[in-house]
Amino acid sequence: MAFDCDVLIAGGGPTGVVLAILLAQRGVRVIVAEKAGDIYPLPRAAHIDHEGMRILQEAGAAEAVMATCRRAARYEFRNARGEVLLCLEGSDRTGPGGWPGANMIHQPSVERALRSSLATCPEAALHGGWELGAFAEDAEGVTAEIATPDGLRTIRTRWLIGADGARSPVRKAMGIAFDDLDFEEPWLVVDVLVDDPSRLPTANLQICDPKRPTTCVLMGEGRHRWEFMILPGETPEQVSEDAFIAGLMKPWNVEGAVRIERKAVYTFRARIARVWRKGRVCLAGDAAHQTPPFAGQGMCSGLRDAANLAWKLAAVIKDGAPESLLDSYQPEREPNLRATIAMAIMMGRMVCTTSRWGAFLRDTKMRIGRALGKLPTTPPDYPPISAGAILADSPGAGRYFPQSIARDGAKLDDRLGPGAWLISRSELAGEALAPFAEKLGNWLDRHRTDAVLVRPDRHVFGAGDPETLRAAWKAATGLEPPPPLA
């Protein structure tokens, strides 16, 4: 059978659409099958970090997304008396990705920006109202049945990606089980439209009150969010009643300043799929993992999946790389994912304490930790890639490579373009690198090396002698090494 596309993506949320854009930009033919007819119109995800924004930059949507973002300089954890237990500062400053560290978003606006970018890619098509049904794999590809508004359709693809959310039919059809990380808490989420921002907090807040753990965070422009833990004996129907919500909101003194846009009950979970790839089928985003929201890494993790998977799939489909390159996907992403989830669980357990005695012990420990300078004061760094398509034991291997910004505001990624880069000290004075030479030179100095090879997902493959890096890249990926930078 002839192939209708190289990659069929089930799911047209942010992970699936970003993956489609990054593949299409590399000449890969992509079809996105999204069962919903249009973008879900109400807020869901709240946050994208600097790494996620850098991925959106490559996908051609960062500027449009930034136009609707808001930023808070502080993320505070307070006890019932208002005492600050933990404060992470500086999240409004530019992070290593070249964008502000924490960007509070309106997800429908993000999705519109992404779909606008996707529409400019001739190699990609997104179809709303298309629902993936049964599929079968063979040695050459996957044949999938799609229910469309015009009837059943068969799609023949080389690869199938399940980016179809936490309930993922693709994952279920593959018989892939979860590792449960032992966090499951029901919460009420209340999203509001803001009429008087002067009456709302300007920091992102976790209220660690054993009587009712509560979250209060900025969202995209003109919006705010509260989340209230549902206590034992309360039902989703009860807590969703307008009168009940009014009682929860009363201590915040925002009556007349906000209007409820959305109320929903969620169970915050921490789970990781045991297998992210079976043959020609891969999982990404919530289909592969779910995290509690306390570290703001849900959407960010899906975007990182897309960035990791996109260059490898394109390398296999277009550039003759061995399919074994895709075996590095889960080993590279899972340790980072487990660290982000562990951070979210730690924050969540700190917030979700409902025992007064437990809260007293927690507060005491936090006071001691702050007094001794043992608590973090800035958002955490997550671990580098430790195994996979890297030159292990070379300087900086697996670490995130920062995006330099020139004095005129130009960004390194825009100047050097997609694909892998080989940045040598001898080329820093050249036209391409001169505006960024000081910062790039500082990176090379810190790592005591003459050159660095940066992967397309902007993690360091390795550093050292340029010829050694070229040979190692070819051996590890099956790809030709990147050309010299003009």
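Atoms considered below: every heavy atom in the structure, side chains included; atoms not considered: hydrogens, waters and symmetry mates.
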> Phe77 vs Tyr75 aromatic rings, parallel, tilted or perpendicular, using cut-offs 30° and 60°?
Replying inline: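 Ring orientation of Phe77 relative to Tyr75: tilted.
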> Using the ring of each side chain (for Trp, its six-membered ring), is Trp226 parallel, tilted or perpendicular to His224, with breaks at 30° and 60°?
Replying inline: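 Trp226 vs His224 ring planes: tilted.
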> Are any non-hydrogen side-chain atoms of Leu114 and Val18 less than 4.5 angstrom apart?
Replying inline: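 Leu114 reaches Val18 side chain to side chain.
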> What pairs of residues pass the salt bridge (Lys or Arg N to Asp or Glu O under 4.0 Å) test when at least one of them lies in residues 17-30, not counting sequence neighbours?
Replying inline: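 Qualifying pairs, neighbours excluded: Asp6-Arg29, Arg26-Glu58.
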> Which salt bridge (Lys or Arg N to Asp or Glu O under 4.0 Å) pairs, counting each pair once, include a residue from residues 277-302, with sequence neighbours left out?
Replying inline: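 Salt bridge (Lys or Arg N to Asp or Glu O under 4.0 Å) check on residues 277-302 returns Arg277-Asp327, Arg280-Glu323.
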>> Please enumerate all residues that pass salt bridge (charged side-chain N to carboxylate O under 4.0 Å, His left out) together with Arg338, with sequence neighbours excluded.
In response: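 In terms of salt bridge (charged side-chain N to carboxylate O under 4.0 Å, His left out), with neighbours along the sequence ignored, Arg338 is linked to Asp179, Glu334.
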>> Applying salt bridge (charged side-chain N to carboxylate O under 4.0 Å, His left out), can you list everything that pairs with Glu76, at least two apart in sequence or on another chain?
In response: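 So Glu76 forms a salt bridge (charged side-chain N to carboxylate O under 4.0 Å, His left out) with Arg74, Arg78.
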>> Which residues pass the side chain to side chain contact (heavy atoms under 4.5 Å, CB included) test with Arg370, not counting sequence neighbours?
In response: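 Listed in chain order: Val84, Leu375.
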>> Give me each pair satisfying side-chain hydrogen bond (donor to acceptor under 3.5 Å, both in side chains) with a member in residues 393-406, each pair once, sequence neighbours excluded.
In response: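 side-chain hydrogen bond (donor to acceptor under 3.5 Å, both in side chains) check on residues 393-406 returns Arg54-Tyr400, Gln57-Gln403.
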Please tell me whether [X] and [Y] have a donor and an acceptor in their side chains that are separated by less than 3.5 angstrom.
X      : Y      : value
Gln290 : Arg271 : yes
Gln297 : Arg304 : yes
His289 : Asp305 : yes
Thr215 : Gln206 : yes

With a 6.0 Å cut-off (strictly less than), is the heavy-atom count around [atom1] of [X], excluding the residue itself, greater than 12?
X      : atom1 : result
Glu221 : CD    : no
Glu140 : CD    : no
Arg446 : CZ    : yes

>> When you measure from the centre of the six-membered ring of Trp473, is the NZ or CZ of Arg455 closer than 6.0 Å and no more than 45° off the axis?
In response: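 Judged by the rule (NZ or CZ under 6.0 Å from the ring centre, within 45° of its axis), Arg455 is not positioned above Trp473.
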> Taking the six-membered ring for Trp, is the centroid-to-centroid distance between Trp276 and Phe178 below 6.0 Å?
Replying inline: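 Not under 6.0 Å, so no.
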